[in-house]
Structures are given as C-alpha cells and as structure tokens.
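We're numbering straight along the sequence, starting at 1. Because the structure is a prediction, the values reported are computed rather than measured. Counting starts at 1 for both ligands and their atoms, in listed order. Atoms considered below: every heavy atom in the structure, side chains included; atoms not considered: hydrogens, waters and symmetry mates.
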Amino acid sequence: MLTVPFGEMKRAQPSFLNAIESSVDRRRRPRPISRIRLETLLADDRQSCVSLPQGSTMPHADAVLDEVFGDQYEPEGAVMEPKEEETVKVCLRLRPYTKMGGRMSFKIKENTLIARCQGENLSSSEKHYTFSNVFEDNVSQAEVYDCCIRPTIRPTLGEPGATFLTYGTSGSGKTYTLLGNEGQPGIVPRSIEQIYEELYDHISTEPSLKMECMKPIPLSDESVLDELRKLRTIKTRLGQGCEESQALISDIIQSQHQFQPLDMGDKRVFIWISFVEIYNENVYDLLNLDGDYGCKRKPMKVLSNDGNAYIKGLSTLYAGTKEDAYNLLQYGLQSATYGATDVNSNSSRSHSIFTVTVITHSVSTQRISQSVYKFCDLAGSERLKKTGTFGDRLKEAQKINTSLLVLGRCLETVHKNQKTKKIHDLVPVRDSKLTMIIQSALLGKEPMTMIVNVYPTEEFYDENLNVLNFSSIAKQIVISKQPKIMKAPHSTRYSFFLSQAMGSPSSKIDTNQLLVEYENLKQENDRLIAEAEQKNAEIDCLQKKLVIQEFQLRNELTDNFQQHFANMEESFQLRIQSAQELAILPFKHQMASLEKKLKSKEQTIMEMEDEQDDYERKLKAYEEELNKYRLQQSRVRRLSV
Ligand SMILES: Nc1ncnc2c1ncn2[C@@H]1O[C@H](COP(=O)(O)OP(=O)(O)OP(=O)(O)O)[C@@H](O)[C@H]1O
C-alpha cells in the first residue's frame, strides 16, 4: 500500500512511483511558462539549449531554427509568431464497477479525484489528483471523444498530429476506450469517421504521394497500382461480412456526432495507415501481407531521424476511403497477439499503435505537410502476483512493466528538464521500443492526450495509485507545437503536381500560371541535368586519372619492393659468407697443423727409406759374400772328396 505521511509530503521529490500531486502544494501546480523554450523541440541526442523571449523578432535565431527544422522551417516574414503552449492532456476515465466486494474509496470533486489512503488518519491520508477531465463510469464513448479527442484532430496544413494513449491496469477499459465494440465504438473508429468526413472532398483516390523517412515521395504509376493491389488483397483476406458491421459502426458514430466537411481550398489529401504491435520488446508489423498467419514474424528495427522515429520496412498502406481504413484496422487487429490472464480473459499482452498519416499537399504553394495521429493501446500495468502470470505470461508481464517504467522515466525527465528550464538529463526514449516510437510526443513536440483508465476496486488499490501518480507527472509536460511544413520535393515527376493542380477545385484560376511555373521548372530541370552531365564527365575524367595514378603507384610500389628484396638478399648472402668463414677458420688451422705433421712424417718416411736402401745394399753385399763363401765351401768339399 502506498501511503505518504503528511509531514513528509513537502519534502518528497516527484518520482514515477511517488509523485507529488500538484494540487497538494500550490507552488508545484503547473503554471504558464513565460518564456518559449526550444529544448523540448530538440532531439534527446542534442545537448544544447536555446530559449527565446516571447513574441520577439529573431533574425539571429534563424540559424538555430534552420538547424532544428531544416527544410521544414520557413522564416517567412521574419517575425515569429509566439508559439502556443499547452500541457499534456490527461483525462481520467472510470470503468463501471461490476464486482461484489470492496470498492476503492475515493470521491470526485470537479476535475479532481480524492483518494483516501487505506488505514490512515483521514485528514492526512487524502491524495488529490487533478486531471484535464474526469469521466465517471456513466459517461458515454461519444462524450469522451468530443471532450478530449475531437478538438485535437485538425489535419489541416501545419498541424503536427497527436499521440493518444490509454493507460491503466489490466481490465480497466483501455481497449474499450480506444476501440470500443460494435454498439459503442471507441476513439479510433470515431477518429476515422472525423478525418474522412471532414476531409471528404479533398482525399485523393490515387495513392500518388507518400512519406518515406520523413520525406515526401511522389509514387510512380506502377507503385500506385501496387498499393491498390495490396488493399484488394486485404479486402479479400477479410472476406465478406465486415462491410455490414463497418456500416453499422459508421451509422452509430454519424448519429452521435456532426462532422462537417472542411473547406481546404486547393489542398489534396493522402491518407496512409500503419499498425504495429510491440510484443516482448519486439516490434511487429500488423499489416504485413507477405507472411501467412501462424508463420514466424520478423521483428522490425526502430530508427530515429532528427528526433522523429520511424520503423524500417514498415508496411504503410493507403486508405483512400474510410472503408479502407476500417479494413486495415480490422486486419491489424486480427494479427495482434492476445493472451489470457486471471484478471482479464481477453487481455491484450502487447502495446499496439495504430497510426494514421494525413499528408496535405497545397497545389498553389506546393507545400506539403503531414499530420500523424498515433493511437496507442498500452498493455496493462499490473502486478505479477495478482494477474496469475507464469511462463510466457510472466515474461510478457515483465517486458510490459519495463516499457511502462521507461515511459514513466521519460515523462519524469522531460518534466524535470522543463521545470528547471535546462537540459539536465537526456530523456531515455531509447530504452524501450514504445518510448522510441512515440518520442516526438514524449519530448513535447506534438500534443499528447493520455486517457487514464481506472477500475476502482480495493483489489487494485496500489496499482491504481501508481497509475494516478504516473498521470500527475504526464499532465505537467509542456507541448511546444511546431508545424511540419515541407516544400514539394525536387522530383522529376512534375506531372504529379501538375495533375494534382488540374484536379483541384481551384485549377481553372491557376492553370496558366502553373503551366508557366511548370515550364520554368522544366528549364531549371534541363539546366540541372546538363550541369549534372558535365559534373559526371568531370567525375569520369577524374576517375580515369585516378586509375592511371593507381596503376603508376602500384608499379612504383612493386619496384620498391623488388629493390628492397634484392638488397635484403645481398645482405643475407654477405652475412652467410662471413658466418661460413668464421665457422671454417678453426678447421683451416687444424688442417695446416695436420699438413705440417704429415710433412714431417713424410720426411721421416723418406729418411727411413734411405736407411732401408742402405740396409738392402748391405744385405746384397752380404748375400754376394755369402754366395762367394758357399761357392768356396762347395769347392772345398769337392776337393776334400
Ligand atoms: N467504460 C466502460 N463501460 C462499459 N464497459 C467497460 C468500460 N470500460 C471497460 N469496460 C469493459 O471491461 C472489460 C475490460 O475492458 P478492456 O478489455 O478494455 O480492458 P483493458 O484495460 O484493455 O485490459 P488489458 O490491458 O488486459 O487489455 C471489457 O469487457 C469492457 O467491455
């Protein structure tokens, strides 16, 4: 249970879990800020902070605005209109109480909910939560729409669009508020009706202009046919029977609201729709026509371009009629993930974002603007224990709570930065996919309306207080709206703009002037093409030079390497030679001494041979003498005989 003793109330710091309710302390109530601040317009990755005095003429600020808005900023007239400032609209909606058992103790006083803290002394334990509007449980869907959504949907030139969020515990009525049912349609079908009824005369049946990565792209005839083919596929997949329920919903809405067609002069409107689901921190395309039901879906990447998020490869389909828009909504809902918890048997386990992009093309001024309306059905913020979550459901709940916590941190940081009028901390929009996608609203660049759904039971007492604390921070964020106006792209398809002009209501008046403009543009185009060709020829020449230089360089390098290797070889040879000589030297000495020894031995041998000769001669002489003696002896014997 969340209780804050009265004495500590003043000192407590606002935080996601324990926000200080603005109505408790007068000093903390939201007040109009006297100076217009640009830091909220800067992306979270920009560190600098610029502020402008209200209503000032500001030639010196042009450069800053140019940098922030690029092409989108038009410094016409030099005098800046003071920018409208408003805070995030936070409305409370109570779900009718159906259960027996304990009802949460609270009372409503105008736009303030006074919650009584459980088990505390009455005077010190009341918490006051002030909202833009409070809708009690008997307020109809139509009243909710008229009061907090209808005034924000103004898809005329220069309106940036808006983000609508439903936030609350599981089963508190978020999906009911956003989508409703057949008998009680919610915000999304009512917005579709409003947009299509108000823009009826101006909506182009041909999807010939699209936004890609925040840039307007005129589509080729083949792409137009491709887009129409996709719509037909969706219609075929939905099958028969959906038209009847759509017509019924449309009739109910028409009977409850009076939407008048707007006079938008020569403007043509193109409406594109996308639908994504964030499930377990992965973003999935709900309008993807390539994958079949049941096959593994591919998570998509969320990228950021100058503080505006876009999803890479997301299917954005053209909805030229409200029937197309209903079909796309229904098709996306069929693809969305549903699981069951103990609290709500049809609990949506993912955040889903239905986006309607209205592109407005002014034929006379060639200006293009886009208004992006995001309808976010957030998954329930719930306690794991109460919702009986295990396994996959537990993993889902953890991811859901993490992304909602990041959402709370973002709101808290933006609020802190705005309050102190300095950028102290970067807004952690990148910490979750949800906050990345709705970053422009979180950073205060476009209006945001949050409908806080509360199911007032004792059982959800703590969770409901957390939701209320969360909303009290959101309400204090200041929105600095900036129109997003772009010039028509330098396209080779001038015929697109010309055909738009011909088809527009004011075409008769402007046709001649447009033809002159067209001729001028054509000449300009020819001149640019000739210039481009000349540049291309120069590039070719430079490329050739580059190739020759590269070839020469390669040869030079090869020669250098060869020379280097030859030098290395030579020095190695010398080193080997000297090493060899060094190694041979002891053997040479040994050989010389052996030769010397040999010579002395030879000398000795020669001397001995001489001696031998002497002995042989002497032996011969003795033998001769012996022979003589023997001869004498034989003579003597014979004589004696
Ligand atoms: N204001 C209301 N009037 C009548 N019925 C309501 C209202 N709000 C909610 N309900 C009913 O309460 C039930 C739960 O509502 P819903 O499905 O919109 O809850 P949820 O907040 O979207 O839940 P989860 O986050 O789990 O998806 C539904 O049957 C719905 O019809």
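- Taking any N or O of S170, backbone or side chain, at least one lies under 3.5 Å from an N or O belonging to ligand 1.
- Distances between N or O atoms of D377 and those of ligand 1 include no value under 3.5 Å.
- The shortest N or O to N or O distance between D137 and ligand 1 is not under 3.5 Å.
- Below 30°, between 30° and 60°, or above 60°: for Y129 and F131 the angle between ring planes is between 30° and 60°, a tilted geometry.
- For L94, no nitrogen or oxygen atom sits less than 3.5 Å from a nitrogen or oxygen atom of ligand 1, counting backbone and side chain alike.
- Legend: salt bridge (charged side-chain N to carboxylate O under 4.0 Å, His left out) pairs involving residues 242-259, not counting sequence neighbours: none detected.
- At least one heavy atom of P96 sits less than 4.0 Å from an atom of ligand 1.
- Residues that satisfy the salt bridge (charged side-chain N to carboxylate O under 4.0 Å, His left out) test with R95, not counting sequence neighbours, are absent from this structure.
- If you look at T166 next to ligand 1, there are no close heavy atoms at all, none under 4.0 Å.
- Between F275 and F354, the ring-plane angle classifies as perpendicular under the 30° and 60° cut-offs.
- Salt bridge status for K322 with E197: present, with a side-chain N to carboxylate O gap under 4.0 Å.
- Every atom of ligand 1 with a heavy atom of T169 under 4.0 Å away is listed here by number and element: 21 (O).
- F259 and Y145 have perpendicular rings, their planes meeting at more than 60° on a 0 to 90° scale where under 30° would count as parallel.
- Residue T175 places at least one N or O, backbone or side chain, under 3.5 Å from an N or O of ligand 1.
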